[in-house]
Amino acid sequence: VTSLCSPRGFLARPSWCGEIILFTLALSGRQADDMEGGGEVSSPRQRGFSFAIDRGGTFTDVFAVCPNGRKVVTKLLSEDPARYSDAPREAIRRVLAEATGKDFPQDKPLPSEMIESIRMGTTVATNALLERRGERCALAITSGYKDLLHIGNQARPSIFDL
């Protein structure tokens, strides 16, 4: 991560490293608008909003880039059924409303033509596996692919030998 960011800003293009930027902002505690100017590699002006979302077990963190280049960082509780049914969707709704000054009701679909990209990562399933909670499940492997179960994390002597 440190090779992609510096104290002066981002060294990598946000279009391909949204998740890394979000992680870096969370670690540094800096707001995106506070970054010293000029740190980003120039890129063509985007047409819509871009979102990088990390949906965790407790919080959902969002890094958004508006069409005018403004950056927004926000955080919501991942579960808050009294206020919203889905944290990532709610975060997108709030960013769109704040940036455009328009009202986007929770019970209506969001205008997809305003959104250029959404990148989302989550640790929810990983946490459920590590904590051994959730439904019991089974893995079925099709005949002829049994070694895929052994491939695991790609740490094998002949990586291209399936």
Side-chain angles (χ1 to χ4, degrees), residues 1-131 133-135 137 139 148 151 153-154:
V1 173
T2 56
S3 65
L4 295 173
C5 297
S6 75
R8 296 193 47 80
F10 303 118
L11 300 177
R13 289 179 51 149
S15 61
W16 69 265
C17 66
E19 294 85 357
I20 294 169
I21 290 170
L22 179 64
F23 177 72
T24 304
L25 286 172
L27 284 181
S28 68
R30 298 168 68 186
Q31 293 297 317
D33 288 335
D34 293 340
M35 298 244 173
E36 296 174 7
E40 293 182 18
V41 174
S42 62
S43 61
R45 190 162 182 87
Q46 66 182 41
R47 294 182 306 266
F49 291 81
S50 293
F51 296 91
I53 302 171
D54 176 23
R55 204 280 190 196
T58 305
F59 291 105
T60 295
D61 300 296
V62 178
F63 175 80
V65 180
C66 302
N68 64 4
R70 181 172 168 252
K71 295 164 186 70
V72 179
V73 178
T74 189
K75 178 184 289 259
L76 294 170
L77 287 171
S78 293
E79 299 288 331
D80 194 353
R83 294 191 175 139
Y84 45 83
S85 60
D86 182 64
R89 183 182 186 285
E90 177 63 14
I92 292 170
R93 188 189 70 76
R94 289 182 186 186
V95 170
L96 292 177
E98 178 192 335
T100 64
K102 297 178 183 175
D103 183 37
F104 297 98
Q106 286 183 335
D107 61 336
K108 303 281 188 222
L110 292 171
S112 60
E113 66 276 1
M114 295 179 72
I115 300 171
E116 185 169 316
S117 67
I118 299 173
R119 294 179 178 186
M120 191 159 131
T122 182
T123 59
V124 174
T126 304
N127 290 347
L129 285 172
L130 293 174
E131 296 168 5
R133 53 183 177 86
E135 298 299 319
C137 60
L139 175 64
L148 290 180
I151 290 173
N153 63 3
Q154 300 295 331

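This structure is a prediction, so every number in the text was calculated from the model and none was measured.
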*Asks:* Tell me if a side-chain donor or acceptor on Gln106 pairs with a main-chain N or O of Arg83 at a distance below 3.5 Å.
*Replies:*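 Yes.
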*Asks:* For the residue pair Phe104 and Pro111, establish whether any side-chain heavy-atom pair is separated by less than 4.5 Å.
*Replies:* yes
*Asks:* Looking at side-chain heavy atoms only, is the closest gap between Phe49 and Pro67 below 4.5 Å?
*Replies:* yes
*Asks:* Are any non-hydrogen side-chain atoms of Val72 and Phe51 less than 4.5 angstrom apart?
*Replies:* no
*Asks:* Taking side chain as C-beta onward, heavy atoms only, is Met114 less than 4.5 Å from Thr100?
*Replies:*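 Answer yes - side chains close enough.
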*Asks:* Would you confirm whether Thr123, through its side chain, and Gly56, through its main-chain N or O, come within 3.5 Å as a donor-acceptor pair?
*Replies:* no
*Asks:* Just by distance, do the side chain of Arg55 and the backbone of Ala87 share a donor-acceptor pair under 3.5 Å?
*Replies:* no
*Asks:* In Å, rounded to the nearest 0.5 Å, how long is the span from CG of Asn127 to OG1 of Thr122?
*Replies:*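 Between Asn127 CG and Thr122 OG1, I get 8.0 Å after rounding to 0.5 Å.
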*Asks:* Is any side-chain heavy atom of Arg94 less than 4.5 Å from a side-chain heavy atom of Val62?
*Replies:*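 Not touching, per the 4.5 Å side-chain cut-off.
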*Asks:* State whether the side chain of Glu116 and the backbone N or O of Arg47 hold a donor-acceptor pair below 3.5 Å, judged by distance alone.
*Replies:*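 Between the backbone of Arg47 and the side chain of Glu116 there is a qualifying donor-acceptor contact (under 3.5 Å).
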*Asks:* Check whether any side-chain heavy atom of Ile92 sits under 4.5 Å from a side-chain heavy atom of Ile53, and report yes or no.
*Replies:*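 The answer is yes, as the side chains (C-beta and beyond) meet within the 4.5 Å cut-off.
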*Asks:* Just verifying a value: how many Å separate Thr60 OG1 and Arg89 CZ, rounded to the nearest 0.5 Å?
*Replies:*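 Those atoms lie 14.0 Å apart.
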*Asks:* Quick one: CG on Asp61 to OG on Ser78, what's the gap to the nearest 0.5 Å?
*Replies:* 8.0 Å
